[in-house]
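Here's the structure we're looking at; comments come further down.
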Amino acid sequence: MNSPKKAFQDVQPQVSFPKLEQRILQFWKEQGIYDKSLQRRRDAPRFVFYEGPPTANGLPHPGHCLTRAIKDLFPRYRTMRGYRCERKAGWDTHGLPVEVEVCKELGIHSKAEIEAYGVERFIHRCLESVFRYTREWEYLTERIGFWIHLEEAYVTYHQSYVESIWWCLKTLFDRGLLYHGHKIVWWWPQGGTALSAGEVGQGYRTVDDPSVYVRMPLLNEEGQETDTDLLIWTTTPWTLPSNQFVAVDPELEYARVWDAQRGRHLVVARVLVEPLAQKFSRTWEVRETFPGRRLVGRRYRPPFDFYYRQQGSRRGRLRQGGEEYWGWRVVEADFVTTDSGTGLVHQAPAFGEVDFDVLRREQARFEPGQGPPLLCAVAPDGTFTAEAPPYQGQFVKDADRQIMADLKRRGLLFHRETYQHEYPFCWRAEQDPLIQYPRKSWFIRTSQLKELMLENNRHIAWLPEHIRDGRFGNFLESNVDWALSRERYWGTPLPIWQCEATGRFEAVASYQELLAKPGVQGTEVWQRAKEQNPQLPEHLKVHKPYIDAVTYDSPFQPGARMRRVPEVIDVWFDSGAMPFAQWGYPHRGQERFREQFPADFISEAIDQTRGWFYSLLAISTLLFGTEPQPGEQGTFRQEFPHPYRNCVVLGLMLGEDGHKMSKQRRNYREPQEIFDRYGADAMRWYFFANQAPWTSIRYSEQAIRDSIPEFLLRLWNVYNFFVTYANIDGFDPAARIPAADAGDLSRQVLAGGEGYRPHPQRGELDRWILSELDRTAQLVVQHMDRYENYPAARLLHQFVDALSNWYVRRSRSRFWASGLCEDKLDAYWTLYECLVTTCKLVAPFVPFLAEELWQNLARSPFGQRVLESVHLADYPTGEPSRYDEELSRRMGLVREIVSLGRSARTAQKLKVRQPLPQVEIVLADRRDQPWLEQHAELIAEELNVKQVHFARQADQYIQYTVLPNLPRLGPRLGKRIPLLKKALQEADPAALLRRLESEGQVELELADGPLALTRDDLQVRLQAKEGWAAAQGPGAVVVLNTQLTPELVQEGLARDLVRAIQEERRRRGCQYTDRIRLVLFTPEEALQQAAQAFAQYIQGETLAVELAVQGQQPPEGEQVGRYKLGSAQVGVQLEVVRSSGSPA
RNA sequence: GGGCGUGUAGCUCAGUUGGUUAGAGCGCAUCCCUGAUAAGGAUGAGGUCCCUGGUUCGAGUCCAGGCACGCCCA
């Protein structure tokens, strides 16, 4: 054999994917491939992606690997599909996560301590902390192959970002959508600030709280205690001192029961009498039942008299005339349930939103100034005030014990137990419980836009779909105004200035606008700080404390000054504003914003339902959901949906053990370890190909490792196989292709290659795999266009499997033929086209492996004439016309027959090396027979039989059953189906089939009349009779003839010998092309004869130029390999006569 | 307590508009191949499709109720 030029670089069979990936990363970086991929789509339509900004002051964990992998997949795919998809990174830099981190470093906790440390110094520390783990984040991003412009990232504390938000808030303020209100908020006492629903939602924990039943004696008309008590239930004893009402359901039936043990009457809901009595181990006697309405208006004595002493008998004038007591009476409410508690609900309006509404409603009944005030014995720091002297200074939760003890001592504590429930804690300072608390706070009137948000939501394509009307839709339905302000330090300052004289507010849209105000003062505070420390970034001047110093003349009253309100805003507002704020819109970046709005695609984990998904939608709807007001800057009305059209909601990532990942539990591997051991492609493929992305995904090292043999290595082996033989044969796809620009090696380009024949001229196997290739490409594109990575990945997996386990397996012998004959060239071109196309198809999924393949398959032979990277290529879309469904079905049948044959062999313990005389094939549908006969050779080879016979008369080994083809007949016959089944059971199936075959149709007599049936109306099931080496499937029965002749036995032995010799070749390190001289040693006569009879076959298979057989035991020594064939010993001695590559 | 989701082989999961013998991978067992070779492949065992009821000629699939688990929220 001559030594032709190699078109491809030889492939190392023992591939290390992590090392390969490092090389590819280097290549991408050095050649700027990502930028080139954008450049190439410069004028293409846009595909807009938004990056949800991570917080870089915490370490990335495996969950982020999934989001980053998905965020890479679709932009990469869309780029290959011909879109321009810019990917701008972003960082979330504000808010509690940062402040809490810094407090931990400083060893402080409370706001007082921060103030003592100094707000300015504190802010500087925050700034330093923000990018603490940037390097880790950037490493992860790059290593997993997430292409994104990190160097152009938007940063939420930057001045332009902040000013965008100011513009947004000013717009909302001017529209009356941003207001200062008094409400019950979720309050973080230690942190001294309110939190948003999103933040609260992140901090729920299961805790044991006290659960107390307290009695409150009813009063009579004169205000004296009666012998009847209201029984209420609460898990927050600390709210009892601030009790103002008891609520009942007016329609619900209540009972007055006699408690003999106490000698008093109690009032509880009628349906709760038994369960409560049981809980308290009492016997209660129901004395009276009545609707709740009868209790309304009755007064009671509260458990504490801190307020009651002063106000217990206070009354006010009602709007509708008459007077009413301020409080401590029964009111009606629609939220009372009998699911828990007693059916009577303690109301402390200061510490509950619904309670507060009750107070509001009661206040509204009184004439102005006549109604009850809000009672609140708790200070903002969560401690009791002087209004509850015994507990003054105690933190509310800590005071629970003493409160319960006091109640017990006074005989008011009816029952006490522990109650396990979910309770919110601060999402960053996890030891701090939150409480509901009345507070003046800034709100966005989102509830006013609820319908619009719902409408907007209806246009979003959610994956999975149920998020739209389920979790997200429900959340929108229950929308409450957004508690925007935070009484904290490191955040976007609320751009509102207040007149010190009139208290009126004004919003400011930019720093420049602020500087342009009349009589501006205070900017020197920033100037001085900057002079002192020139390193300070300019961005800080729009932050606390510098911005607080800036004041100006009030437009509301001459001589008065405008001062900024002290609050910063909810950090979730920052990220929700990114569609415009990332460009600094509208102060700058107008064009960029218009191009990149709305997004086609975003993706985050499901916990963002109330987080980013909501903040994006809410802000966008507020700004761009309605016609702009006259005189507004930058707003316009955008058609729904915005700001995102498609949202892939990712499931929760679980640890190895199926539980939440946790550092303490050590139930997951660090991403770094996975990258080093298995590589990013393995991880990506595991994420994409093993489950729908919205199911919870188990982050399992084993499962990630498995994607290597299951997919990556399988593809690699096919590639390796191809390159090995292509190099041996000197196959060069570039040889005759004249085009200076071969582009991405489309089919049209390949068609110009040397020896390339059009597909229809090629053999069936080639046409089959090419048809599968087109089908796969088509379906993959269909799924990927709908963001369905999982079915797409499965299709790719199936194709690679078919390529490896059927096409290559069946084609191997074609590659072994000598010289480059037409059939061999067909095989090369077919496999080459499959590999090049697969490489493009898998590129968005496993970008590293795809690139490696491309570099060798395309770049090695074509050099500069093809695209530099697979990621610059166009994604193959397949052509429907090239999918040959019939061929696919038939090949399936061939594979079924082969599989059945093997099954029959296994059942008989007949190894494939032993040739058999004949196989008998019985088809369920004989129409396939003519076509299958052409494949007899293939079947014979796979099953190692001498003859393939298609049985016409197979009654001797087959039993037929004829069944209705239900999908066809069901709709037509409906209720007649059972009758047909009965008729078929009674008919003679063989005769029926014969009639069908001769006449094309058959008439059956059913119980209610005749029925004409064609062949397609019926399905034939075959069953092998006992006593045959047979296996049955839906399409065929395969029967083996197991009679062995001496010749067949000899041939089997010869194949055993070949196997031993090949093993020896391998042991001795022979090249595939090495010729050998061969000596076999065996005293076994049968083997000697077999070797002689099949000498030519053996020599051909093993490239032996000489074969000698010695009838003696093999001699000792390293030069002779010893093998056991059945019971016989064989020695194999070989000597290489000449090496490949060296001249003959 | 409410909302949403999930429940299919030992494990991880598929399962189209209802259709006859419910699939895949891993693991396990038995075996094959040895010119892809530190690979590859075949065959097999393994199922009350969570339970109950309903609709239907026919239900893993549709409906109702229940149970278990998860997430989100009260």
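Model, not experiment: these values are computed from the prediction.
Between A/N720 and B/U37, a side-chain N or O to OP1/OP2 separation shorter than 4.0 Å is present. Between A/N474 and B/C4 there is no side-chain polar atom (N or O) within less than 4.0 angstrom of OP1 or OP2. Distances shown here put a side-chain N or O of A/S899 below 4.0 Å from the OP1 or OP2 atom of B/U43. Contact annotation: A/R812 side-chain N/O to B/A36 OP1/OP2 distance is under 4.0 Å.
Annotation: B/G27 and B/U12 have their C1' atoms spaced 11 Å apart (nearest Å). Nucleotides B/A36 and B/C28, compared at atom C1', are 27 Å apart to the nearest Å. Of the C1' atoms belonging to B/G25 and B/C62, the separation is 30 Å, rounded to the nearest Å. Distance check on atom C1': B/G23 versus B/C32 gives 24 Å, rounded to whole Å. Distance noted for atom P between B/C69 and B/C31: 44 Å (whole Å). For the C1' atoms, the distance from B/U43 to B/U52 is 40 Å, rounded to whole Å. On the P atoms, B/C11 is 37 Å away from B/U56, given to the nearest whole Å. Here the separation of B/U16 from B/G7, taken at their P atoms, is 12 Å to the nearest Å.
The aromatic rings of A/F731 and A/F8 lie parallel to each other, with less than 30° between the two planes, well short of the 60° mark. Using bins of under 30°, 30° to 60° and over 60° for the plane-to-plane angle, the ring pair A/W462/A/F472 lands in the tilted bin. Aromatic ring orientation, A/F815 versus A/Y828: perpendicular (interplanar angle above 60°, classes split at 30° and 60°).
Nucleotide B/C62 has B/G54 as its partner under the Watson-Crick or G-U criteria, with both atom distances under 3.5 Å. Pairing for B/G35 is absent, judged as Watson-Crick or G-U wobble with the two contacts each under 3.5 Å. In this entry B/U17 has no Watson-Crick or G-U wobble partner, no candidate having both defining distances under 3.5 Å. As the counterpart of B/C26, B/G10 is assigned, both hydrogen-bonding distances of the Watson-Crick or G-U wobble pattern falling under 3.5 Å. If you check B/C4 for Watson-Crick or wobble pairing at under 3.5 angstrom, you find it paired to B/G70. Partner assigned to B/G47 is none, using Watson-Crick or G-U wobble distances below 3.5 angstrom.
Checked by distance alone, A/R471 brings a side-chain donor or acceptor within 3.5 Å of a matching partner on the base of B/C71. Between the side chain of A/R1059 and the base of B/U34 there is at least one donor-acceptor pair of N/O atoms closer than 3.5 Å.
Computed from coordinates, the A/D1056 CG to B/C31 C1' distance equals 14 Å when rounded to whole Å. Atom CG in A/L795 sits roughly 15 Å away from atom P in B/U16 (whole-Å rounding). Taking atom OH of residue A/Y699 and atom P of nucleotide B/U12, one finds them 19 Å apart after rounding to whole Å. In this structure, the CG atom of A/L831 is 13 Å from the P atom of B/A36, given to the nearest Å. Spacing between atom CH2 of A/W186 and atom P of B/C72 amounts to 16 Å, rounded to whole angstrom units. Look at CZ on A/R610: it is 14 Å from P on B/G3, rounded to the nearest Å. What separates CZ of A/F721 from C1' of B/U34 is a distance of 14 Å, to the nearest Å. A/K975 has its NZ atom 11 Å from the P atom of B/U55, to the nearest Å.
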**Prompt:** For nucleotides 18-26 of chain B, read 5' to 3', which letter fits each nucleotide if B means a protein heavy atom sits under 4.0 Å from the base, S means only the sugar-phosphate is that close, and - means neither?
**Reply:** -BBB---SS
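Comparing atom distances between the A/Q691 side chain and each of B/G5, B/C13, B/G40 picks out B/C13 as nearest. Checking B/C71, B/G40, B/G35 against the side-chain heavy atoms of A/L652 singles out B/C71 as nearest.
Taking both residues in full, the closest heavy atoms of A/I897 and A/L943 are given as O-CD1, 4.5 Å, listed atom of the first, atom of the second, then distance.
Heavy-atom neighbours of A/E465 CD from other residues, nucleotides or ligands within 6.0 Å: at or below the threshold of 12.
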**Prompt:** Passes salt bridge (Lys or Arg N to Asp or Glu O under 4.0 Å), A/D469 versus A/R458? Steps please.
**Reply:** CA-CA 8 Å; A/D469 297 322; A/R458 275 191 280 275; over 6 Å; no
**Derivation of the side-chain hydrogen bond (donor to acceptor under 3.5 Å, both in side chains) call for A/Y719 and A/N856** = CA-CA 10 Å; A/Y719 156 72; A/N856 199 17; 2.9 Å; yes
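Using a 4.0 Å heavy-atom distance criterion, A/V808 is classed as a base contact. As judged by a 4.0 angstrom heavy-atom cut-off over every strand, A/F722 is placed among residues making no nucleic acid contact.
In this structure, A/R1059 contributes its side chain and A/R1055 its backbone to no donor-acceptor pair below 3.5 Å.
If you check the side chains of A/E701 and A/Y678, you find a donor sitting under 3.5 Å from an acceptor.
Remark on RNA chain B: of its neighbouring residues A/V898 and A/R1055, the 5'-side contact belongs to A/R1055, judged by nearest-heavy-atom nucleotide. For the pair A/D469 and A/D801, nearest-nucleotide mapping onto RNA chain B gives the more 5' position to A/D469.
Using a cut-off of 4.0 Å between Lys/Arg side-chain N and Asp/Glu carboxylate O, A/R794 and A/E788 are scored as not salt-bridged.
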